[in-house]
Amino acid sequence: MPWPPKEAYGSLDAMLHAWDLEIPAAKALQAELAPQVRVEPLRSPPKVVAGVDIAFDKPSGRLFAAAVAFRLDPLEQIAAVSVCRPIPFPYVPGYLSFREAPAILAALEALPVSFDALLVDGQGLAHPRRFGLACHVGLWIDRPTVGCAKSRLIGEHEEPGIERGSTAILRKGDDRIGTVLRTRTNVRPLFVSPGHRIDFAGSIELTLRCTAGYRMPEPTRQADRLAAAAKREGLAASESAGG
DNA sequence: GCGACAG
DNA sequence: ATCTTGTCGC
Ligand SMILES: [Mg+2]
């Protein structure tokens, strides 16, 4: 199966070299790729949902990316992997994908099972150029992808109700860019926005279906934990090795 | 120029 | 994101 889809970018080679860019070039690339993002209803209900996240170790300049797959109905973990890579890009608001996407893609390629949808720890459409981390990764894997961020990057919104499931529209000017979704009663809401191949309603529904007692959806929450664990043992391993 | 600012 | 123990509230 042809993955990643080079057709979506014109040239896979160009995209492979597009990870190492200066801010101005990265900004231009986002503007060029944003029109490729498709906000549309899910074509078929996802059976397997994957989640990804990263743990950083500034001292060693390394990062640990994890990908965890969950089957729905009932929600249960079926696979998990982690990879180690050098940190490729500094954290710059608006350019998170250039720091995290390469490693996320590597982790997803290492996942031993196929997945129908992906949950990312960051914004999707709710981005200055409508091209957050979830859009970048979603376009690459060409599968339904949702951005589930813990805080706001841009946009205005009202406060959603305190009950789990309550929502408030996240907007920029007259355009809707996402949803402020309460995944747990009386707990800070999440900022959910489409990454690719899914719409606002679908991103809300999928996020809620993947939530089990915690603020963060399970795929992303477990990926966060695995990345942190990989970091701990990764550092311990390099220490005992003398590095 | 100043403040905001995913992870 | 990361540095980090105990403490407050549902
Ligand atoms: Mg993260």
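What you see is a predicted model; the values in this text were computed from it and never measured. A note on names: the letters A, B, ... follow the listed sequences, proteins ahead of strands, and every chain is numbered from 1.
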Exercise for review: Give me the ring orientation class for A/His136 and A/Phe98: parallel if the planes are under 30° apart, tilted from 30 to 60°, perpendicular past 60°.
Suggested key: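 Taking A/Phe98 first and then A/His136, their aromatic rings stand perpendicular (interplane angle over 60°).
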
- prompt: Should A/Leu33 and A/Cys135 count as side-chain neighbours, where that means a heavy-atom distance under 4.5 Å?
  reply: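 No. Closest side-chain heavy atoms not under 4.5 Å.
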
Do A/Phe131 and A/Leu29 come within less than 4.5 Å of each other through their side chains, counting heavy atoms only?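 The answer is no, as the side chains (C-beta and beyond) never meet within the 4.5 Å cut-off.
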
Only counting residues at least two apart or in another chain, list the ones meeting salt bridge (charged side-chain N to carboxylate O under 4.0 Å, His left out) with [X].
| X | value |
| --- | --- |
| A/Arg38 | A/Glu40 |
| A/Lys172 | A/Glu156 |
| A/Glu76 | A/Arg71 |

Quiz item: Is any NZ, NE, NH1 or NH2 atom of the basic residue among A/Glu32 and A/Arg129 found under 4.0 Å from an Asp or Glu carboxylate oxygen of the other?
Solution: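 Between A/Arg129 and A/Glu32 there is no salt bridge, as every charged N stays at least 4.0 Å from the carboxylate O atoms.
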
Thinking salt bridges, do A/Arg209 and A/Asp73 make one under a 4.0 Å N-O criterion? yes

d(A/Tyr95 OH, A/His127 NE2) to nearest 0.5 Å is 7.0 Å

Dot-bracket for DNA chain C, 5' to 3', Watson-Crick and G-U pairs with both distances under 3.5 Å, [ ] for crossing pairs, | for partner on another strand, reads ..........

(message) A quick test of your reading: do over 12 heavy atoms of other residues, nucleotides or ligands sit less than 6.0 Å from CZ of A/Arg215?
(response)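 For A/Arg215, atom CZ is crowded (more than 12 foreign heavy atoms under 6.0 Å).
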
Take a 6.0 Å sphere around CD of A/Glu159 and say whether it holds more than 12 heavy atoms from other residues, nucleotides or ligands. yes

By side-chain hydrogen bond (donor to acceptor under 3.5 Å, both in side chains), A/Gln77 pairs with (sequence neighbours left out) none

Residue pairs meeting ring pair (Phe, Tyr, Trp, His ring centres under 6.0 Å), one or both in residues 199-222 of chain A, sequence neighbours left out, come to none

Under a side-chain separation threshold of 4.5 Å, the hydrophobic residues clustered together with A/Leu226 are A/Leu42, A/Val49, A/Val68, A/Phe70, A/Leu72, A/Leu75, A/Leu119, A/Val146, A/Leu181, A/Leu190, A/Val192, A/Ile198, A/Ile204, A/Leu206, A/Leu208, A/Met216

Every protein N/O lying under 3.5 Å from an N/O of nucleotides 1-3 of chain C:
from: C/dA1; atom 1: OP2; to: A/Lys150; atom 2: NZ; distance (Å): 3.0
from: C/dT2; atom 1: OP1; to: A/Phe56; atom 2: N; distance (Å): 3.3

Protein and nucleotides 1-5 of chain B: nitrogen or oxygen contacts under 3.5 angstrom:
from: B/dC5; atom 1: OP1; to: A/Arg152; atom 2: NH2; distance (Å): 2.9

request  = Would you mind classifying the nucleic acid contact of A/Gly94 as base, sugar-phosphate or nothing, using non-hydrogen atoms under 4.0 angstrom?
outcome  = base

What does A/Tyr95 touch in the nucleic acid at a heavy-atom separation under 4.0 angstrom: a base, only the sugar-phosphate, or nothing?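 If one applies the 4.0 Å heavy-atom cut-off, A/Tyr95 turns out to touch a base.
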
*Want to know the stems of DNA chain B: at least 3 consecutive Watson-Crick or G-U pairs with distances under 3.5 Å, which are they?*
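Consecutive-pair runs (3 or more) involving DNA chain B: none.
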
All pairs passing side-chain hydrogen bond (donor to acceptor under 3.5 Å, both in side chains) where residues 81-92 of chain A contributes a residue, at least two apart:
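Non-adjacent pairs meeting side-chain hydrogen bond (donor to acceptor under 3.5 Å, both in side chains): zero.
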
Counting primed atoms, P, OP1 and OP2 as sugar-phosphate and everything else as base, the B/S/- map of nucleotides 4-10 of chain C against protein heavy atoms under 4.0 Å is -------

